[in-house]
Amino acid sequence: MATLAEITIWRCVARGAGRMTKPASVLHRTKHSCTSFPSAILCHPKWLRHESVLGCSIWLDKRKIRDFNTSSHRRNRKSTLAWVGVVGVGVASALALYYRSYVAEAKKDADVPAIQGNTGIVLFSTSRTHSELDESETRAVTAGEEIVGLPEYTMEEVAKHDSLQNRIWVSYHSGVYDITDFIPLHPGGTKILMAAGGSLEPFWEMYAVHKKDEILAMMEEYRIGNLRAEDRGYATANMADPYAAEPKRHHIFQPRSMKPFNAEPPLSLLVDSFITPNELYFIRNHLPVPEVNPEEYELEISGIGIKKEVVLTLEELKTKFPKHTITTTIQCAGNRRSEINKIKKVKGLDWGSAAISTAQWSGARLLDVLKHAGADVEHKDIKHIEFEGLDTDPAHQPYGASVPAEKALDPNADVLLAYEMNGEEIPRDHGYPVRAIVPGVVGARNVKWVGRVVLTDEESHSHWQRRDYKGFSSSCDWDTADFDKAYSIQELPVQSAICVPSDGATVSTVSGAVKAKGYAWSGGGRKIIRVDVSIDQGKTWINAKLNQDDSSIYRSWAWTLWEADIPLPENTKPGTQVEVICKAVDSSYNVQPETFEPLWNIRGVLATAWHRVTVTIE
């Protein structure tokens with residue numbers, strides 16, 4: 001009779017929809033007969049019957065003992081139906097998968113009983129029991145650390161697995177991983193293939209957002225071995241920190257990630273000024289902030305209808321074209337994602353409600369620059385205007401995005417190639433020396449450090465255009481999301497939030513009323529025409545006082561700041577908790593939805609439900 005010890009199923013590979021099982025840890029239970037151990041705890045039999053599973057390998061003492069291919073056993077349905085890498089505790093750990101009456105012998109001298117029926121995955125260890133193990137042997141595995149008992153690979157062996165045909169292997173610190181079947185599930189799409197056959201470390205230095213516990217734990221599901229000791233650390237041995245030259249930021253920011261740096265100011269500060277000071281403007285970076293010498297800066301313009309690429313210097317951009325100034329609000333698509341996360345956790349930065357700011361931007365109109373370059377802006381084949389930034393990833397691919405030509409080439413759309421922000425040179429974090437400003441459109445399309453403009457007949461092929469910043473149904477998951485068919489986010493829906501008081505605050509009253517302040521905004525130039533505020537779950541509403549610029553109702557790029565004195569019910573006692581709610585209505589009578597449940601989506605974007613804060617009456 002075998003004794004169960006602590007063993008982890010690291011990976012179960014399936015063709016098509018994704019992983020068949022989640023990682024399962026089985027803790028030692030004194031001496032149990034394997035036939036009596038509940039199979040449901042280990043693996044449900046339905047996973048083993050899935051037609052897409054490829055096969056199974058059994059490992060023992062760093063050696064692959066035996067392979068099982070399901071295709072050769074498909075006729076009699078007696079097969080091990082998964083390919084798994086296994087780590088066991090002790091010297092002689094083994095794994096066996098059973099389906100119906102099929103028995104795989106891992107080692108002749110191992111006490112492996114036959115198991116009848118739909119048993120599922122069975123784990124064995126002929127080593128010491130759990131009670132005999134010290135703390136260092138039973139602790140949780142740290143991602144990328146060496147695991148005794150796994151096969152060892154050289155970097156040369158890893159390098160051979162650099163295509164889907166050969167399967168995609170990568171290394172991370174001391175670990176080797178086969179991530180082939182994770183690629184369709186990767187939120188970043190095929191960008192992960194840049195690391196194929198090599199190390200993840202240089203890329204994760206750039207995309208440091210991956211270094212989260214849940215991501216590292218998920219990666220360990222794909223662990224297949226250890227990297228040879230002398231090959232470890234080679235990929236980053238001479239690599240400088242790509243974020244070493246980042247600009248200084250105000251200490252008051254609330255960071256959502258450090259590398260790249262993404263942060264929002266305290267929400268209460270947003271309503272102190274209609275124009276957000278440069279030092280407090282929310283920061284959204286996808287890659288390291290580039291260092292650009294203004295004397296060497298060049299803007300390249302090319303594409304459909306332009307016979308020869310045109311290059312403009314910063315000085316030419318400032319002197320050859322009339323200077324235009326607009327006041328516009330820019331909002332991140334993930335603003336208020338933290339509230340969607342309360343429904344169900346999603347992938348993305350955990351933004352609060354302050355990933356939005358307003359500034360005056362000055363520069364040359366895009367339309368003027370394109371006409372100067374000889375573009376026929378009426379050309380029927382021009383469908384999109386693409387912007388490329390000077391910020392690049394480890395493969396030297398730039399951040400990029402595009403907007404529809406109908407928007408970018410509309411003389412009333414006020415699209416700028418801006419070189420000033422609030423009357424000053426644009427700060428580095430916000431796009432120095434030149435930023436594309438596309439009013440009324442999601443922040444992701446307002447490309448910073450823009451170095452290239454292309455007139456094209458299709459959307460940008462940038463990852464952030466094709467594989468991100470798209471909305472999906474609340475019933476859609478990462479297995480069913482079709483990024484190719486989903487529309488890219490452009491103009492944003494109507495939004496509002498309460499900035500004062502903050503959630504959880506204790507508030508005083510003036511003449512029996514609570515004062516609230518906040519912002520409201522809608523994309524596409526639609527002006528805010530009303531903000532409603534309630535303290536009785538939306539049974540009754542009062543209209544907030546609006547602070548707006550004098551723009552027209554369909555060419556309004558800046559937010560509305562609002563405030564309201566909300567009367568409390570008579571005899572409201574100190575210590576009473578009150579929920580304050582706001583919702584906004586724009587000039588097309590679009591209104592925010594009541595709840596987040598129908599808005600939930602796998603990327604946590606477009607979070608625009610009623611905003612709510614709970615306060616205690618002083």
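Hydrogens, waters and symmetry mates are skipped; everything else that's a heavy atom, side chains included, is used. Positions are given from 1 along the sequence.
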Q: Identify which one of Val434, Leu417, Val453, Val369 satisfies the side-chain contact (heavy atoms from CB on, under 4.5 Å) criterion when paired with Leu312.
A: Val369
Q.
Is there a side chain to side chain contact (heavy atoms under 4.5 Å, CB included) between Ile382 and Asp457? Walk through the geometry before answering.
A. CA-CA 5 Å; Ile382 301 174; Asp457 59 356; over 6 Å; no
Q: Please report the C-alpha distance between Lys160 and Glu157 in whole Å, then the side-chain angles of each, then the deciding distance to 0.1 Å, and finally whether the salt bridge (Lys or Arg N to Asp or Glu O under 4.0 Å) criterion is met.
A: CA-CA 5 Å; Lys160 295 175 182 178; Glu157 289 175 296; over 6 Å; no
**Q.** Test item: His161 side-chain N/O and Asn166 main-chain N/O as donor-acceptor pair under 3.5 Å
**A.** yes
Q) Between Glu146 and Arg232, is there a side-chain N and carboxylate O pair less than 4.0 Å apart? A) yes
(Q) Which heavy atom of Ile385 sits nearest to which heavy atom of Ala405, and what is that distance? (A) CG1-CA, 4.3 Å
**Q.** Residues Arg167, Asp181; criterion salt bridge (Lys or Arg N to Asp or Glu O under 4.0 Å); working and verdict
**A.** CA-CA 9 Å; Arg167 301 194 68 80; Asp181 300 278; 2.4 Å; yes
(Q) Any heavy-atom pair between the side chains of Val170 and Val158 that's under 4.5 Å? (A) no
Q.
When you compare the side chain of Asn341 with that of Phe596, does any pair of heavy atoms fall below 4.5 Å?
A. no
Q: Grab the two heavy atoms, one from Thr325 and one from Ser362, that are nearest each other, plus how far apart they are.
A: OG1-OG, 2.6 Å
(Q) I'd like to know if the side chain of Arg337 reaches the main chain of Gly352, judged simply by a donor and an acceptor atom lying under 3.5 Å from each other, with no hydrogens or angles considered. (A) no
**Q.** Main-chain N/O of Ile426 paired to Arg435 side chain as donor or acceptor, under 3.5 Å
**A.** no
Q) Can you check whether Glu420 reaches Lys323 side chain to side chain, under 4.5 Å on heavy atoms? A) yes
Q. Ion pair present between Arg336 and Glu339, side-chain N to carboxylate O less than 4.0 angstrom?
A. yes
Q) When rounded to the nearest 0.5 angstrom, what distance separates OG in Ser257 from CG in Asn285? A) 8.5 Å
Q) Judged by modelled atom types alone, do Asp477 and Thr480 share a side-chain donor-acceptor pair under 3.5 Å? A) yes
Q | Polar side-chain atom of Asp391 near backbone of Pro398 as donor-acceptor pair, under 3.5 Å | A | no
Q: Could you grab the distance from atom OG1 of Thr358 to atom CH2 of Trp559, nearest 0.5 Å is fine?
A: 4.0 Å
Q: Before accepting this row, confirm whether a basic side-chain N of the pair Glu458/Lys383 lies closer than 4.0 Å to the acidic partner's carboxylate O.
A: no
Q) Quick one: does Tyr469's side chain get under 4.5 Å of Ser488's, heavy atoms only? A) no
Q. Side-chain donor-acceptor pair under 3.5 Å between Glu220 and Tyr177, yes or no?
A. yes
Q: Return yes when atom CD of Glu295 has more than 12 non-hydrogen atoms of other residues, nucleotides or ligands closer than 6.0 Å, and no otherwise.
A: no
Q. Are the charged groups of Asp410 and Lys407 less than 4.0 angstrom apart, N to O?
A. no
Q. So which pairs with a foot in residues 415-444 pass ring pair (Phe, Tyr, Trp, His ring centres under 6.0 Å), sequence neighbours left out?
A. Tyr281-His430
Q: Answer yes or no: is there a donor N or O on one side and an acceptor on the other, between the side chain of Asp178 and the main chain of Thr180, under 3.5 Å?
A: yes
Q) Can you tell me how far the CG atom of Asn422 sits from the CG atom of Asn278, to the nearest 0.5 Å? A) 4.5 Å
(Q) Taking the side chain as everything from C-beta on, heavy atoms only, tell me whether Pro322 gets closer than 4.5 Å to Arg365. (A) no
**Q.** NZ/NE/NH1/NH2 to OD/OE distance under 4.0 Å, Asp241 and Lys259
**A.** yes
Q) Is the Phe472 to Phe483 ring centre distance short of 6.0 Å? A) yes
Q: Please report the closest heavy-atom contact between Ala609 and Leu599, naming both atoms and the distance.
A: N-CD1, 3.6 Å
Q.
With no hydrogens and no angle check, just 3.5 Å: does a side-chain donor-acceptor pair link Asn262 and Arg256?
A. no
Q. Which pairs pass ring pair (Phe, Tyr, Trp, His ring centres under 6.0 Å) with one or both residues in residues 308-346, sequence neighbours excluded?
A. Phe321-His372
(Q) Check this for me: Glu378, atom CD, are more than 12 non-hydrogen atoms of other residues, nucleotides or ligands nearer than 6.0 Å? (A) no
Q: Flag the pair Asp468 and Arg603 as a salt bridge only when some basic side-chain nitrogen lies within less than 4.0 angstrom of an acidic carboxylate oxygen.
A: yes
Q) Closest heavy-atom contact between Leu367 and Leu409? A) CD1-O, 3.6 Å
Q. Ignoring hydrogens and geometry, is there a side-chain-to-backbone donor-acceptor pair from Arg526 to Gly523 under 3.5 Å?
A. yes
Q: Look only at the side chain of Trp169 and the backbone of Ile224, and say whether a donor-acceptor pair between them is shorter than 3.5 Å.
A: no
Q: Show the numbers, then the answer: is there a salt bridge (Lys or Arg N to Asp or Glu O under 4.0 Å) between Lys371 and Asp368?
A: CA-CA 5 Å; Lys371 288 180 178 179; Asp368 293 341; 5.7 Å; no
Q) Gly440 and Trp557: which non-hydrogen atoms are nearest, and at how many Å? A) N-CE3, 3.9 Å
Q | Verdict with supporting geometry, Lys448 and Asp429, salt bridge (Lys or Arg N to Asp or Glu O under 4.0 Å) | A | CA-CA 9 Å; Lys448 298 190 281 189; Asp429 260 327; 5.7 Å; no
Q) Side chains of Gln465 and Glu459: donor-acceptor distance under 3.5 Å anywhere? A) yes
Q. Restricting to pairs with a member in residues 305-320, which pass salt bridge (Lys or Arg N to Asp or Glu O under 4.0 Å), not counting sequence neighbours?
A. Glu316-Lys320
Q) Going by heavy atoms in the side chains, are Leu270 and Pro265 under 4.5 Å from each other? A) yes
Q) Does the side chain of Ser338 pick up a donor-acceptor pair with the side chain of Asp350 at under 3.5 Å? A) no
Q: Flag the pair Val454 / Arg452 as yes when at least one side-chain heavy-atom distance between them is below 4.5 Å, and no otherwise.
A: yes
Q: Look only at the side chain of Glu264 and the backbone of Ala354, and say whether a donor-acceptor pair between them is shorter than 3.5 Å.
A: yes
**Q.** Check: Trp464 ring centroid to Tyr399 ring centroid under 6.0 Å
**A.** yes
Q | Expected output: side-chain Lys470 to main-chain Ala486 donor-acceptor under 3.5 Å | A | yes
Q) Quick one: do the Gln331 and Asn335 side chains pair a donor with an acceptor below 3.5 Å? A) yes
Q: State, with a plain yes or no, whether a side-chain heavy atom of Asn601 is found less than 4.5 Å away from one of Ser474.
A: no
Q: First locate atom CD of Gln360, then atom CD of Glu424, and finally report the distance between them rounded to the nearest 0.5 Å.
A: 11.5 Å
Q. Quick one: CG on Leu216 to NE2 on His173, what's the gap to the nearest 0.5 Å?
A. 8.0 Å
Q: Determine yes or no for a side-chain-to-main-chain donor-acceptor pair under 3.5 angstrom, with Ser357 supplying the side chain and Phe282 the backbone.
A: yes
**Q.** Ser460 OG to Phe387 CZ distance, which is reported to the nearest 0.5 Å
**A.** 11.0 Å
Q | Nearest heavy-atom neighbours spanning Ser402 and Glu386 | A | CB-CA, 3.8 Å
